[in-house]
Amino acid sequence: MTSTTSTALPAVERPQPSTARAGRGTRRRMRKDLLRSRIAAWCAVAVIGAFGLLPVYWLLATALSTPESVFQFPPKLVPTDLTLGNFTALAENDQLIKYMVNSLIVASITAVLSVVVATYMGYSFSKFRYRGRRSLMHLVLASQMFPQALLLVTLYAVFSSFGLLNTYTALVLSFTTFTMPLCVWMLKGIFDTVPDALLEAASIDGASRWRTLHSIVAPLAAPGMIAAGLFAFVRGWNDFIFALTLADKEKQTLPPGLVSTYIGEFQTAWPQLMAASLVVSVPVVVAFMFLQRYLVGGMTAGSVKS
Amino acid sequence: MSTAAPRQKEPPPRRTEGRLSNGAFALLLTAPGLALFAAIIFYPLLSALFTGFFQQDLRLPGREFVGLDNFAYWLDGDFLTILEQTLVFTVGATLLPFVLGFALALALNTGLKGSGFLRGLFLFPWVIPGVVVSFLWMWIFNANYGVLNGVLVEAGIIDESVAWLGRPGTAMLAVIVTKTWASFPWMMVMLLAGLQTVPKELHEAASMDGAGSVRRFFAVTWPQVRGVASIVLLLEFIWNFQHFDTIYVLTGGGPAGTTETFATAVYQTAFNGFDIGRATALGGLWMLLLLLLVAAYLRITERKGDV
């Protein structure tokens with residue numbers, strides 16, 4: 001009752017032109033309508049929510065279970081003997097720590113490289129009009145859609161001939177293939193919001209074009225640049241296929257590292273794998289909490305402007 | 001509809017100091033990016049298209065020109081099967097998350113209490129690394145101790161555990177469900193963003209005029225989100241058409257090749273069979289199909305005045 005009245009309030013406070021026409025019956029029907037759509041909405045949220053969140057629950061529950069307790073059928077839906085042992089086991093695994101350090105290094109360098117290069121490119125696309133600009137923009141946009149598996153085959157051959165296999169360089173460069181296009185488009189969208197009048201004012205005050213970009217526009221666009229960088233970091237952190245193929249145990253990142261560590265030939269250490277999965281997810285989840293604000297804006301600006 | 005104002009505002013003419021014209025300066029800004037694109041995307045891609053005409057071992061230097069042999073190998077063999085399976089995966093993993101994401105976006109857009117919190121919570125499956133998604137569902141689908149089998153057996157829906165990922169009949173379905181779980185939140189976020197551009201007043205007015213919820217959906221909501229919907233569908237389609245991680249970790253293309261798609265087939269041919277000529281030949285055919293999709297995508301964004 002309270003929810004229906006409270007949502008009906010704004011319409012009363014802020015009368016629409018058509019309110020005059022709406023009689024008592026219409027209003028009652030509308031209220032019933034609203035209630036019905038509320039119920040439908042809650043049903044949808046409940047059903048899809050169960051699909052979306054029960055697996056997350058299972059991830060947590062397994063990560064907190066002892067290795068022995070998960071090997072029984074049917075599985076216990078509510079784990080009884082909870083343990084943090086699977087997490088402490090991670091901290092003691094030197095190889096996993098090495099994978100994590102590799103992940104941090106590679107994803108960070110990828111983020112910085114992507115943002116620096118994409119800033120210049122995005123700025124050029126946003127604030128200048130020149131011949132070939134649209135074609136270049138299309139090229140950048142299209143390049144995020146080339147099949148990665150195919151790209152990987154020849155990148156492997158290229159890196160191999162330059163002796164770059166099993167190096168951070170190979171990983172950073174290959175990650176950049178899929179971070180750059182989106183970063184360029186995100187940053188173009190952000191520079192579009194910087195008013196041209198500001199650039200004009202800077203120019204009249206005698207600032208050079210480089211200075212305008214570096215000391216006036218870039219600080220303004222900094223939040224967007226951070227968002228793009230986080231996005232690139234996450235993509236690099238998450239990558240599986242390039243890191244699996246281009247690097248060995250020494251330089252591999254966490255996602256393929258987890259496969260080689262835990263997916264056994266006969267029996268997988270599920271609780272430990274789930275615990276490790278949670279740990280891998282933490283930086284990404286934290287990054288996205290910050291990113292949320294920019295996420296929709298950036299993605300709509302980048303690829304789905306409506 | 002169209003106004004007199006130009007679609008894209010021209011920036012004000014700026015004083016050109018130094019030797020560079022504005023155009024040259026702008027191109028200079030793109031140079032590092034273009035160099036990177038050329039080195040890590042366009043050169044490898046061109047080289048891939050070229051390699052398809054050679055017989056080459058990934059581990060060995062040197063190669064031998066074999067003309068169209070590699071292409072014939074696929075076209076006379078598994079090409080149609082792989083195409084069909086790729087399409088099944090792509091269509092399933094695009095439509096299912098679209099329906100779920102749209103339903104959820106509509107629900108959250110009605111202004112439920114805590115919908116901001118829910119939106120954040122539902123993002124989790126999309127945010128976590130793809131390989132974690134695969135591990136989790138591999139465990140859920142596990143033939144011996146999986147929770148899915150546990151629940152279904154307890155509920156009496158199935159008599160005994162099913163090896164979901166190990167049976168030709170169910171493996172593709174399992175892969176699609178996994179990918180759906182990972183991508184419906186993205187659909188939800190994008191469609192919610194689209195829905196929020198629909199002015200509330202429009203709904204209220206339509207409702208005053210006696211339009212029911214179904215009528216309002218098609219008359220008010222759909223026309224406003226159609227643009228976003230068509231682009232997320234196409235983007236998701238293109239991404240799924242080349243998706244690799246989920247399939248590779250869950251089934252590796254098996255059992256008996258029933259979840260083999262272009263991505264896994266190209267990868268396995270190159271890195272397990274070491275036959276880089278055949279791998280890139282299949283990749284070339286795959287590219288050709290993808291280009292058609294990408295062209296469609298560019299067409300749509302172009303028409304919407306995005307570029």
Side-chain angles (χ1 to χ4, degrees), chain A residues 16 18 22 30 37 41 44-45 48 52 55-56 58-59 70-71 73-75 117 120-121 123-124 127-130 134 137-138 142-143 145-151 153-155 158 173 176-177 196 200 203 208-209 238 240-241 245 255 270 273 277 280-281 284-285 288 296 300 304-306, chain B residues 11-12 14-15 22-23 25-26 29-30 32-33 36 40-41 44-45 47-48 100 103-104 107 110 112 122 124-125 127-132 135-136 139 145 147 150 153-154 189 193-194 204-205 207-208 213 227-228 231 238 242 244-245 263 266-267 270 276 279-280 283 286 294 298 306-307:
Chain A
Q16 304 293 306
S18 46
M30 276 175 63
S37 65
V45 169
I48 302 167
V56 181
W58 199 237
L59 175 64
V70 301
F71 292 115
F73 191 85
V117 176
Y120 289 121
M121 211 170 196
Y123 185 68
S124 170
K127 293 298 177 199
F128 296 90
R129 297 293 174 270
Y130 47 92
R134 288 160 66 90
M137 285 167 69
H138 278 160
S143 66
M145 291 159 189
F146 294 142
Q148 282 190 12
L150 176 60
L151 209 52
V153 174
T154 34
L155 266 180
V158 172
L173 287 178
T176 313
T177 59
D196 288 335
E200 203 181 356
S203 155
S208 75
R209 286 173 299 203
N238 284 356
F240 173 70
I241 172 175
T245 314
W270 289 108
L273 178 57
S277 295
V280 181
S281 307
V284 181
V285 172
F288 266 89
V296 178
T300 44
V304 196
K305 187 175 262 173
S306 56
Chain B
R14 236 163 286 137
R15 217 152 47 99
N22 263 340
F25 178 73
L29 288 175
T30 64
L36 254 179
I40 58 181
I41 301 183
L45 211 63
S47 141
L100 294 185
L104 202 57
T110 57
L112 293 180
F122 284 135
F124 188 82
V127 160
I128 59 173
V131 68
V132 170
F135 292 151
L136 174 56
W139 174 222
Y145 308 103
V147 68
V153 167
E154 290 281 278
V189 168
E204 284 167 17
S207 182
M208 295 284 186
S213 48
V228 179
I231 292 193
I238 292 170
Q242 48 155 309
F244 178 79
D245 288 16
V266 166
Y267 187 89
I276 182 170
T280 51
W286 179 27
V294 172
L298 290 178
D306 185 25
V307 187

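Chain identifiers are assigned alphabetically (A, B, ...) following the order of the sequence lines, protein sequences preceding nucleic acid strands; residue numbering begins at 1 within each chain.
- At a 4.5 Å heavy-atom cutoff, the contact between V153(B) and chain A is made by side-chain atoms alone.
- When the candidates I40(B), D245(B), L100(B) are compared by the number of heavy-atom contacts under 4.5 Å with chain A, I40(B) comes out ahead.
- Residue contact with chain A, scored on non-hydrogen atoms closer than 4.5 Å, involves the backbone and the side chain of F135(B) alike.
- Of all the listed residues (L59(A), N238(A), L155(A)), the one sharing the greatest number of non-hydrogen pairs under 4.5 Å with chain B is N238(A).
- Across all non-hydrogen atoms, the minimal contact from A41(A) to A107(B) is O-CB, 3.5 Å.
- The two atoms that bring W286(B) and L150(A) nearest to each other are CZ3-N, 3.9 Å, heavy atoms only.
- Contacts between A270(B) and chain A at a heavy-atom distance below 4.5 Å involve the side chain alone, from C-beta outward.
- Of all non-hydrogen atoms in E154(B) and P74(A), the two that sit nearest each other are OE2-CG, 3.4 Å.
- The two residues S47(B) and T154(A) come nearest to each other via the heavy atoms OG-CG2, 3.4 Å.
- Most heavy-atom pairs under 4.5 Å with chain A, from the set I41(B), V266(B), T110(B): that is I41(B).
- No other option in A279(B), G283(B), G130(B), G23(B) has as many heavy-atom pairs under 4.5 Å with chain A as G283(B).
- Side chains of I128(B) and V284(A) form no contact here, defined as non-hydrogen atoms less than 4.5 Å apart.
- Contacts of L136(B) with chain A are made by both backbone and side-chain atoms, with heavy-atom separations under 4.5 Å.
- For the residue pair F128(A) and L29(B), the shortest heavy atom distance occurs at CE1-CD1, 4.0 Å.
- Contacts between L36(B) and chain A at a heavy-atom distance below 4.5 Å involve the side chain alone, from C-beta outward.
- With a 4.5 Å cut-off on non-hydrogen atoms, L273(A) touches chain B through its side chain but not through its backbone.
- The backbone N or O of Q148(A) lies less than 3.5 Å from a partner atom in the side chain of Q242(B), making a donor-acceptor pair.
- Nearest heavy-atom pair, L151(A) versus P44(B), reported as atom, atom and distance to 0.1 Å: CD1-CB, 4.1 Å.
- Between chain B and the residues V153(A), V158(A), V285(A), V280(A), the largest count of heavy-atom pairs under 4.5 Å involves V153(A).
- Rounding to the nearest 0.5 Å places OG1 of T30(B) at 5.0 Å from OH of Y130(A).
- By number of non-hydrogen pairs under 4.5 angstrom with chain A, the leading residue of A263(B), G150(B), P129(B) is P129(B).
- The aromatic rings of F71(A) and W139(B) sit perpendicular, their planes meeting at an angle over 60°, well past the 30° parallel limit.
- In terms of heavy-atom pairs under 4.5 Å with chain B, the best-connected choice from I48(A), V117(A), T176(A), L173(A) is I48(A).
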